[in-house]
There are 2 protein chains.
Amino acid sequence: MAGPVGRRVTAAMVARRAGTSVSTVSLVVNGKSRGRVSAVITERVRAAVDELGYVVDHAASSLARGTTDLVVLLAPDLPNPYFGRVTTGIREALGSRHQLMLSVIEGGEQPGADDVRRVAAFRPAGLLVHAPSPTFLDDLEPGGPPLVLMDAPGFEGRAATVTFDLEPGVRALVAHLAEAGHTVLAYLEGSTPSATFTVRRELLARVAAEHGLRVLDDGTRAGLTLDAAADVSTEELPRWRAAGATAVVAAADTMAYGVLAAAHRLGLAVPGDIAVAGFDDLPYSQVTAPSLTSVALPAEELGRAAAQRLAAVLAGDGDGADAPLLPSRLAARASTGA
Amino acid sequence: MAGPVGRRVTAAMVARRAGTSVSTVSLVVNGKSRGRVSAVITERVRAAVDELGYVVDHAASSLARGTTDLVVLLAPDLPNPYFGRVTTGIREALGSRHQLMLSVIEGGEQPGADDVRRVAAFRPAGLLVHAPSPTFLDDLEPGGPPLVLMDAPGFEGRAATVTFDLEPGVRALVAHLAEAGHTVLAYLEGSTPSATFTVRRELLARVAAEHGLRVLDDGTRAGLTLDAAADVSTEELPRWRAAGATAVVAAADTMAYGVLAAAHRLGLAVPGDIAVAGFDDLPYSQVTAPSLTSVALPAEELGRAAAQRLAAVLAGDGDGADAPLLPSRLAARASTGA
DNA sequence: CTGAAAGCGCTTACAG
DNA sequence: CTGAAAGCGCTTACAG
């Protein structure tokens, strides 16, 4: 525990102290001593490891081994609270076999082939990619680390994915809005090119059409933060209303919060003057003014399922057809008059 | 760009293609070719690097070098939205000299010496530690990577720190509550042992006493999530009110959201029956019902300042006395009757 | 059961 | 200006 004052503790130092060889130390610390190292020596090595506070050097280990126990998560929107919940689920399912590292991507950008290449230099055991853009796989080089794409509709069959079945949630939302008498909806799209955003918008438009509702197709988009969405909405809300929209659906709850803030700024009543809904169902959506209707996309389950799927891929189970679909559902609240 | 189908691209492959040696490739890719490698060869190496898609292997590089360009961030509360904002600031200030990695700590635990040791195996250039517990440095071994502690009041002088000056914000909050006629306050403490939480509570109690207010000292604490705080508050609100409290201050905004949810469940009006305030001033606090009064602790500035401080430490500037204090201020809103 | 040795892919003196 | 060679700290056949 105490550990020496000096420098990095190496396997050689442990070996010397335990009166054995570096090879043996390696076997013991990697749990491969069973039947190959005597109990006495194993114990002596363990003691020396504790006394010196030895930790296997990652660089050397991964160089020798060709891989590591690292799982790297690439994500486009780290500051989004949704994202933190995803990591909780990943961690739960990953357990202690793997160490999770989040790689922070250049500001607001989408994870791309360059990021993968950069991350591959760490020789991770696997990669998790959250909300990739539709072109993500296009210039990806073969031979990279195994990966699982999360919330990546449209990638099924081309890669291992864990994706939401958005349809139940979106159908429930449209039915709910139709019942409340809305006929024209505005849509606030996320400015990052994640495939999931496109699918959310298109699915909403399609289902709305089935119910005889119309979604304004003005391509309005904003960054995924409250502030960015509030600024855009302050500008757009009057136009949306002039175009007949009585409800706004935002691509994410954080953006819907911005719509609420903008409505407040403009003195519009929600849902009286304009109804608002989002996607994700963040926990904070139950305490907004008014509480926010949202298509719930269970973040922790997404993380858990992705980690499990990666474990399967690492274990050699193929990565094709049987992508599990996680359920979505509607959390109807006051912002749409529920 | 295309890259070969085969295996990992090594410096040897680049050297062969460029008709030169591995040493020269190393110099070129590390930007040390100036005056040591002819322009012609430099260009040939660059071309080969591009054609093959070569990336320096981290493991091998860090093993040879003894260190990396990695900055690792240890944090106890990844799912908290506050935290994402901190990373934005860090990334901004870190620039491209360093790669930022977040190390995910075991569920809800505080970063400790073990985590540092585990992370040290990656040979990071430096470590950033958010909201450490008071004992964090106690069993830390010397000889580890340089580190900067963030939001770590009480560590000044013992380590490089970047910390908030909580006093202006807390003073403003107390003055605001006193003016509104409150005399007894309840406090909802965070359940993680971060030093900053203790300081927030003690400072509030001290300043409150100066104003003739009393803070209930019942040690109530909850996890840092809305749900955890809501459950605890649902239980405690009646007791707090019975003890004379007319306002609740929570250690973090996410927890204050939970108090709002609990008040709603219990049918209590905010601020009529009970006023509520938090710490952090998350962006969402402007759209809660009612909007939340909060001691603003600028997250991005914290991240920025910490990254700058780490850069200074890495450049050899000491890590002692001159810890900058970041300002806090009050964002007074409707939840306290503002 | 145990240890000497090769090799992982770099970087950095060092010799030319 | 350029390259051969040692060495970073491990892991893994391999020989004993």
Does a distance-only test, which skips hydrogens and angles, find a donor-acceptor pair under 3.5 Å between the side chain of A:S23 and the base of C:dA4?
yes
Residue B:R123, side-chain heavy atoms: nucleotide from D:dC10, D:dC8, C:dC10 that is nearest:
D:dC8
Once you apply a heavy-atom cut-off of 4.0 Å, does B:R34 come out as touching a base, just sugar-phosphate, or nothing?
nothing
Would you find a donor on one side and an acceptor on the other, under 3.5 Å apart, between the side chain of A:S62 and the backbone of A:T67?
no
Can a donor-acceptor pair be found between the side chains of A:R65 and A:N30 at a distance below 3.5 Å?
yes
Closest-nucleotide ordering on DNA chain D, the 5'-leading residue of B:A39 and A:Y54
B:A39
A:D57 side chain, from C-beta outward: closest of D:dC10, D:dT2, C:dT11
D:dC10
Taking for each residue the nucleotide of DNA chain D bearing the nearest heavy atom, is the 5' side occupied by A:R65 or by B:S21?
B:S21
Correct closest heavy-atom pair for B:S103 and B:V119 would be OG-CG2, 3.7 Å
Across the strands shown, which category fits B:T20 at heavy-atom distances under 4.0 angstrom: base, sugar-phosphate, nothing?
sugar-phosphate
Among D:dT12, C:dT2, C:dG9, which nucleotide has an atom closest to any side-chain atom of A:I41?
C:dT2
Taking OP1 and OP2 of D:dT11, is either one under 4.0 Å from a side-chain nitrogen or oxygen of A:K32?
no
Is D:dC1 paired to anything, Watson-Crick or G-U wobble with both distances less than 3.5 Å, and if yes, which nucleotide?
C:dG16
Please report, rounded to the nearest Å, how far the P atom of D:dA13 is from the CG atom of A:L27.
11 Å
Between C:dT11, C:dT12, C:dC8, which nucleotide gets closest to the side-chain atoms of B:A64?
C:dT11
Side chain of A:R36 - closest among D:dT11, D:dC14, C:dT11
D:dC14
Across the strands shown, which category fits A:V22 at heavy-atom distances under 4.0 angstrom: base, sugar-phosphate, nothing?
base
CD of A:E43 versus C1' of C:dC1: gap in Å, rounded?
17 Å
Minimum heavy-atom distance A:R44-A:A18, with the two atoms named:
NE-O, 3.0 Å
Round to a whole Å and report the spacing from NE2 of B:H58 to C1' of D:dG9.
17 Å
Looking only at side chains, do A:T24 and A:S21 share a donor and an acceptor under 3.5 Å apart?
yes
Answer yes or no: does a side-chain N or O of A:T10 lie under 4.0 Å from OP1 or OP2 of D:dG9?
no
Rounded to the nearest Å, what distance is computed from the CG atom of residue B:L63 to the C1' atom of nucleotide D:dC10?
8 Å
Nearest 0.5 angstrom please: B:F122 CZ to A:D57 CG, how far?
10.0 Å
Whole angstroms only, please: what is the CZ-C1' distance between B:R16 and C:dG9?
13 Å
Nucleotide nearest B:S26 (side chain, heavy atoms from C-beta), chosen from C:dT12, C:dC8, D:dT12
C:dT12
Hey, is the side chain of B:S61 poking within less than 4.0 Å of OP1 or OP2 on C:dT11, counting only N and O atoms?
yes
Atom pair distance, as rounded to whole Å: CZ in A:R44 and C1' in C:dT2:
12 Å
Look at the side chain of B:S38 and decide which nucleotide, out of D:dC10, C:dT11, D:dC1, has an atom nearest to it.
D:dC1
